[in-house]
Amino acid sequence: MKETVEQALRDILGNLPEGSRVERPRDPRHGDLSTNTAFILAKKEKRNPSLVAETLAEKLSENPAFEQVSPAGGFINFRFSKDFLISSFRKVLNEGEDYFKKDIGKGMKIQLEYVSANPTGPLHLGHGRGAVVGDALSRILSFLGYDVSREYYINDAGRQVYLLGTSVFYRYLELFGRKDLMERIRDTFEKEGYRGEYIKEIARLLSAIVGTKLADGSLEESHRLLMESDLPFEKNYLKSFKPKSGTPEELCSLFGLDFMMREIKRDLSDLGVEFDSWVSEREFHMKGEVEEVLRRLEEGAHTYESDGALWLKTQERGDDKDRVLKKSEGSFTYFASDIAYHLDKFNRGYEKVIDLWGSDHHGYIMRLRIALSMLGIPDDWLEVYLIQMVRLFKNGKEIKMSKRAGTFVPVREVMEEVGADAVRFIFLTRRSDTHLDFDINLVKEKSSDNPVFYVQYAHARIAGVFREFKKRFSEDPEEVIKNADLSRLSSEAETGLMKKVLFLKDEILTACRGRDPHLITFYLIDLAGSFHNYYNHNRIIGSEQSLMEARLALLKGIRTALALGLKLIGVSAPERM
RNA sequence: GUCCCCGUAGCUCAGCAGGAUAGAGCGCGAGAUUCCUAAUCUCGAGGUCGGAGGUUCGAAUCCUCCCGGGGACGCCA
């Protein structure tokens, strides 16, 4: 719709002046769309804005798409003509969701990385939010012609993973009361270990298979038993274990990783979130990509050694201080492997990469950008968006979430209570960079008041009308719609609904450009509201024949928009409720 | 101390690449069903957009300062 106005302006002006916008006026009485173009032109040419608007409006009013083009102060307001609305709406009926497509991506290879939670515990609500936002974004980008690849980066190396293994081993020893062996790792466990119930669960599963063998020090035997046992998950990490040089904690940690990855994948898939690739941090170390990237940074004279560690000169490009790449004890920092990982993405040929990170990583953005620029990667190649935290309330009290202390609410728990659709929808009723308060009681108790049902109900209602029509007239409503006379839709409510449906196209574009999937959710609530209102005041079946046909057509268009919107945010569109 | 997010109706939040009389849901009050799903709809009350300056023809939106809430700042990941 905006496109139509912009094209009309271009037909007269050649090009749109910088800063000129086509927008929906706050007050619909002003028109369907309006533009500030006259203000801009007037400023440039030092003329009176109202006069510029008047001249321009006069020329524009010859365009058949508009019924009225009126200058107002410096604004120009547009009202679409009935013919234009009808012919556009007819396209929606014929083309379905394709009508709303616009190939702005042109096959651009774009990678979206999201969630990437450490595999040291179940996904909590915050991860769930990132998952849902990332998934919705990927759907929107794909819809608009981008070649999207969705990736999960598994932080399966480093201290956190060691702590996972230590925690599991500790709980395992606890099962057999082996205080003698627990002593060695007690300190680590108590200070930094993971306390969640799931650690005990892993330990119990482990003990069921290896018995006391691991406590007795039979690493090889324990590993063999695990490899031969019938586990409910893949042994991707376990199979890399080397009994000769390994430790029991390490075995526990690999076992834990396999266990957790199964959990995480299951949670995501139940949430309706899919990935195209899972990339392991370990493999980067193995492939030597980290060394490679450090070498390149050293060659560019961006590093120096101090206190036995290798530092990157990030400060000279705006960071608070320089950052360590390689610790004095010889291992790489997370930062180093993250640079390598992003360089790898670049080398894989993505033209753009979008990362969704938890808000606690915000200090990271600058240093990563600096490192990438040192490697000669253009600034706009990487976009990073922070997913703000989810605060959880239960019985009016905030539950502080900490994975280590074990006080977190897994996304699965909430999903099982209210359903994946509701969880997804709620996450998308806020802008993703603002805090979200998730009140479990509210969502549980009032699940029927949840806006997701409101929108789904609108879809189901339309489906119901179509079923009823078929039943009463034994005719396919789709056939009837093909020949419907849309000019019968003349009430303000009806033309308003047609416009709303058509505006979905603009909405998707805006959501895509701003990486703001929540706009789709708000659109859906708005459209559903207008529909419910209309439905309550107008009969479809039972009205006079040609009017009924036209109204069926109207409903079909609305259903197309609702179904597409729901699809883009990954929420189901039920036929009945 | 430095940095990030937030402050809009009783509550939860939209709106913020400046634009016309500031919106929605919930909650509250009053109503609507012989008929396609009442998980719905209609009407009403409810606001100095945290405060003060500034830029502008025009500021909830941009800038500065202040107040209040949340968070991040490691040779952790």
Side-chain angles (χ1 to χ4, degrees), chain A residues 19 21 23 25-27 29-30 34-36 39 42-43 48-49 72-75 77 116-118 120 155-163 192 281 306-311 320-321 323-338 358-366 386 388-389 391 398 426 429-431 433-439 442 446-458 460-469 471-472 513-514 518-519 521-522 525-526 528-529 531-543 548 551-552 555 576-577:
Chain A
R21 305 257 181 281
E23 287 165 331
R26 206 153 31 196
D27 188 339
R29 280 173 304 187
H30 289 129
S34 74
T35 182
N36 62 349
F39 279 110
K43 202 170 214 170
N48 183 334
F75 291 101
N77 294 322
S116 297
N118 286 356
T120 53
N155 295 127
D156 51 10
R159 182 151 182 86
Q160 300 309 317
V161 171
Y162 167 76
L163 289 173
E192 303 175 85
E281 185 186 357
S306 174
D307 301 329
L310 185 69
W311 299 71
D320 296 340
K321 55 186 207 171
R323 307 287 171 175
V324 172
L325 293 166
K326 192 174 183 179
K327 302 180 215 170
S328 49
E329 38 91 354
S331 64
F332 299 112
T333 58
Y334 180 84
F335 180 43
S337 82
D338 221 6
S359 60
D360 53 337
H361 289 71
H362 100 263
Y364 234 78
I365 301 178
M366 180 182 268
L386 296 179
Q388 278 292 344
M389 53 185 337
R391 288 194 303 170
E398 182 181 358
I426 286 172
T429 53
R430 298 279 184 284
R431 247 175 41 210
D433 63 351
T434 64
H435 298 255
L436 183 144
D437 291 340
F438 201 111
D439 188 326
L442 209 71
K446 304 192 173 180
S447 59
S448 63
D449 286 336
N450 197 304
V452 66
F453 296 109
Y454 184 79
V455 173
Q456 288 181 318
Y457 182 45
R461 261 185 157 174
I462 294 174
V465 173
F466 278 52
R467 274 195 303 274
E468 183 67 19
F469 176 87
K471 203 170 87 190
R472 285 206 210 166
R513 292 203 180 104
H518 80 281
L519 292 178
T521 314
F522 282 95
I525 294 171
D526 184 50
F531 164 72
H532 285 310
N533 179 332
Y534 178 72
Y535 181 90
N536 271 274
H537 293 96
N538 298 279
R539 300 250 349 133
I540 288 91
I541 296 169
S543 48
M548 173 172 66
R551 286 179 170 175
L552 281 173
L555 261 58
R576 53 179 91 224
M577 287 173 76

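Each chain gets a letter, A, B and so on, in the order its sequence line appears, and its residues count up from 1. All figures in this text were calculated on a predicted structure; none of them were measured in a lab.
Contacts of Asp526(A) with the nucleic acid, taken as non-hydrogen atoms under 4.0 Å apart, are absent. Contacts of Asn77(A) with the nucleic acid, taken as non-hydrogen atoms under 4.0 Å apart, include base atoms. Heavy atoms of Ala460(A) sit under 4.0 angstrom from at least one base atom. Contact annotation for Gly542(A): no contact, since no heavy-atom pair falls under 4.0 Å across all strands. At the heavy-atom level, Tyr364(A) lies under 4.0 Å from base atoms of the strands shown. Within the 4.0 angstrom heavy-atom criterion, no nucleotide atom of any strand lies near Phe335(A).
Going from the P atom of C63(B) to that of G29(B) covers 43 Å, rounded to whole Å.
Following rounding to the nearest Å, Asp320(A) (CG) and C4(B) (P) show an atom-to-atom distance of 10 Å. Here G58(B) presents its P atom at 16 Å from CG of Asn36(A), a figure rounded to the nearest Å. In this structure, CD1 of Ile426(A) is placed 14 Å from P of A14(B), rounded to the nearest angstrom. We find that CG of Asn533(A) is positioned 14 Å from C1' of A24(B), with the value rounded to whole Å. The CG atom of Asn538(A) sits 14 Å away from the C1' atom of U40(B) (whole-angstrom rounding). Distance CD1 (Ile525(A)) to C1' (U40(B)): 16 Å, rounded to an integer number of Å. Summarising the geometry, the separation between CD on Glu468(A) and C1' on C35(B) is reported as 10 Å, rounded to the nearest angstrom. The separation between Lys321(A) atom NZ and A72(B) atom C1' is 13 Å, rounded to whole Å.
The base of A77(B) is not paired with the side chain of Asp338(A) by any donor and acceptor separated by under 3.5 Å. Between the side chain of Ser328(A) and the base of C75(B) there is at least one donor-acceptor pair of N/O atoms closer than 3.5 Å. In terms of polar N and O atoms assigned as donor or acceptor, the side chain of Arg159(A) never comes within less than 3.5 Å of the base of C76(B) in a complementary pairing.
We find the CD1-OG1 distance between Ile525(A) and Thr429(A) to be 7.0 Å, quoted to the nearest 0.5 Å. For the atom pair Phe335(A) CZ and Asp338(A) CG, the distance stands at 8.5 Å (nearest 0.5 Å).
Side-chain nitrogen and oxygen atoms of Lys327(A) include at least one within less than 4.0 Å of the OP1 or OP2 phosphate oxygen of A77(B). At the phosphate of C16(B), neither OP1 nor OP2 sits under 4.0 Å from any side-chain N or O atom of Arg431(A). The phosphate of U42(B) has neither OP1 nor OP2 within less than 4.0 Å of any side-chain N or O from Asn536(A). Remark: Arg430(A) is not in phosphate contact with C6(B), judged by side-chain N or O atoms under 4.0 Å from OP1 or OP2. Phosphate proximity of C41(B) to Tyr454(A): present, with a side-chain N or O under 4.0 Å from OP1 or OP2. Listed pair His361(A) / C3(B) fails the phosphate criterion, with no side-chain N or O lying under 4.0 Å from OP1 or OP2.
Nearest-nucleotide positions on RNA chain B for Ser34(A) and Phe522(A) put Phe522(A) closer to the 5' end. Position along RNA chain B of the nearest nucleotide to Lys326(A) versus Val465(A) favours Val465(A) as the more 5'-ward residue.
Residues forming a salt bridge (Lys or Arg N to Asp or Glu O under 4.0 Å) with Arg472(A) (at least two apart in sequence, or on another chain): Glu468(A).
More than 12 heavy atoms of other residues, nucleotides or ligands sit less than 6.0 Å from atom CZ of Arg467(A).
Using modelled atom types, one finds a donor on one side chain and an acceptor on the other under 3.5 Å when comparing Tyr534(A) with Arg551(A). Side-chain contact check for Asn533(A) and His537(A): at least one donor-acceptor pair (N or O, by modelled atom type) lies under 3.5 Å. Side chains of Glu281(A) and Ser337(A): a donor on one and an acceptor on the other come within 3.5 Å.
A17(B) is unpaired under the criterion used here, namely a Watson-Crick or G-U wobble arrangement in which both key atom distances are under 3.5 Å. Checking A45(B) for Watson-Crick or G-U wobble geometry (two distances, each under 3.5 Å) identifies no partner in any strand.
Residue-nucleotide stacking is present for Phe39(A) and G19(B), judged by a side-chain ring centre under 5.5 Å from the six-membered base ring centre and planes under 30° apart.
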